Amino acid sequence: MRIQIINGPNLNLLGQREPGIYGSSSFDEYLPKLQQRFPDVELSYYQSNVEGELINKMQEVGFSYDGIVLNAGAYTHTSIALQDCIRSLKCPVIEVHISNVHQREEFRHKSLISCACKGVICGFGLDSYRLAIEALLG
């Protein structure tokens with residue numbers, strides 16, 4: 001099984017950016033823990049601050065991988081282009097957020113990509129990624 005994890009804008013700053021919200025670990029520190037927990041799954045990781053690059057990566061893997069775990073960051077609330085891309089893919093996409101977006105600013109309560117995703121997981125810190133992988137494994 002192959003799963004692509006994709007992080008959007010500013011998530012390259014995990015561990016530095018607002019640790020009270022996002023924690024003190026970088027994703028590069030967390031990824032080996034996921035790989036150890038799921039040794040039979042090929043987990044790939046990609047991060048970009050650029051919307052078009054996120055779309056390119058999803059199109060690259062969305063017809064050959066078994067699933068995508070997507071934290072689109074702020075693009076979650078603004079990108080119809082990401083929604084259109086997700087709808088076009090063969091593999092399921094799980095939307096993930098580290099924080100509980102519903103406890104935050106009002107603009108974060110609306111996702112433009114949720115309607116195209118298999119499911120949404122938010123508010124469990126970096127563990128949200130583990131939960132998404134488990135959902136894809138069924």
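Not measured: the values here are computed from a predicted model. The first residue of the sequence shown is numbered 1, and numbering continues consecutively from there. Because only heavy atoms are used, hydrogens play no part in the values below, and waters and symmetry mates are left out as well, while side chains stay in.
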Item to complete: List the steps, then state whether side-chain hydrogen bond (donor to acceptor under 3.5 Å, both in side chains) holds for Glu95 with Ser111.
Response: CA-CA 10 Å; Glu95 177 185 345; Ser111 168; 3.1 Å; yes
Worksheet item: Okay, side chain of Gln16, backbone of Leu13: is any donor-acceptor separation there less than 3.5 Å?
Response: no
Discussion item. Between Ile3 and Ile133, does the side-chain contact (heavy atoms from CB on, under 4.5 Å) criterion hold? Intermediate values first, please.
Written reply: CA-CA 8 Å; Ile3 296 174; Ile133 294 166; 3.9 Å; yes
Worksheet item: Mind checking whether Tyr65 and Lys90 have side chains closer than 4.5 Å, heavy atoms only?
Response: no
Worksheet entry | Spacing of OG belonging to Ser44 relative to CZ belonging to Arg2, to within rounding of 0.5 Å | 7.5 Å
Worksheet item: side-chain contact (heavy atoms from CB on, under 4.5 Å) between Leu137 and Phe38: does it pass, once the steps are laid out?
Response: CA-CA 10 Å; Leu137 294 175; Phe38 301 102; 3.6 Å; yes
Worksheet, complete the sentence: For Lys118 and Ala135, the nearest pair of non-hydrogen atoms, with its separation, is NZ-O, 4.1 Å
Worksheet item: Hey, any chance Phe124 and Val69 share a hydrophobic cluster, counting ILVMFWY side chains that come within less than 4.5 Å of each other, even indirectly?
Response: yes
Practice prompt. Considering non-hydrogen atoms only, spot the tightest contact between Leu112 and Ser79 and give its length.
Written response: CD1-N, 3.7 Å
Fill in: Pair Val93-Cys117, side-chain contact (heavy atoms from CB on, under 4.5 Å): steps then yes or no
CA-CA 5 Å; Val93 177; Cys117 292; 3.9 Å; yes
Worksheet item: Does the distance from a Lys or Arg side-chain N to an Asp or Glu carboxylate O, for Arg130 and Asp127, drop under 4.0 Å?
Response: yes
Worksheet item: Is there a path of hydrophobic side-chain contacts, each under 4.5 Å between heavy atoms of I, L, V, M, F, W or Y residues, that connects Leu131 with Tyr30?
Response: yes
Worksheet item: Between Leu136 and Asp66, is a side-chain contact (heavy atoms from CB on, under 4.5 Å) present by the stated rule, with each step listed?
Response: CA-CA 8 Å; Leu136 288 169; Asp66 299 294; over 6 Å; no
Worksheet item: Side-chain contact, heavy-atom cut-off 4.5 Å: Ile68 with Ile6?
Response: yes
Worksheet item: Which pair of non-hydrogen atoms, one from Ser128 and one from Gly123, has the smallest distance, and what is that distance?
Response: OG-N, 4.0 Å
Fill in: Partner residues of Glu60 under the side-chain contact (heavy atoms from CB on, under 4.5 Å) criterion, sequence neighbours left out
Lys57
Worksheet entry | Separation of Leu11 CG from Ile5 CD1 (nearest 0.5 Å) | 12.0 Å
Discussion item. To the nearest 0.5 Å, what is the distance between CG on Asn49 and CG on Leu54?
Written reply: 8.5 Å
Worksheet item: Roughly how far, to the nearest 0.5 Å, is the CG atom of Leu34 from the CG atom of Leu126?
Response: 8.5 Å
Response to the item:
Interatomic distance, CG@Leu89 vs CE@Met58, rounded to 0.5 Å, equals 6.5 Å
Discussion item. Show the nearest heavy-atom pair for residues Ala72 and Pro9, with the distance to one decimal.
Written reply: O-CD, 3.4 Å
Worksheet item: Considering all heavy atoms of both residues, which atom of Tyr45 and which atom of Gln47 are nearest to each other, and what is their separation?
Response: OH-CB, 3.5 Å
Worksheet item: Taking atom CD1 of Ile94 and atom CD1 of Ile121, what is their separation to the nearest 0.5 Å?
Response: 6.0 Å
Item to complete: Treating Ile, Leu, Val, Met, Phe, Trp and Tyr as nodes and any side-chain heavy-atom pair under 4.5 angstrom as an edge, say whether Ile86 and Val61 lie in one connected cluster.
Response: yes
Worksheet, complete the sentence: In short, Ala132 meets Val96 closest at the heavy-atom pair CB-CG2, 3.6 Å
Worksheet item: Is it true that Met1 and Phe63 fall in one hydrophobic cluster, defined by side-chain heavy atoms closer than 4.5 Å?
Response: no
Fill in: Sub-6.0 Å ring centroid separation between Tyr129 and Phe27
yes
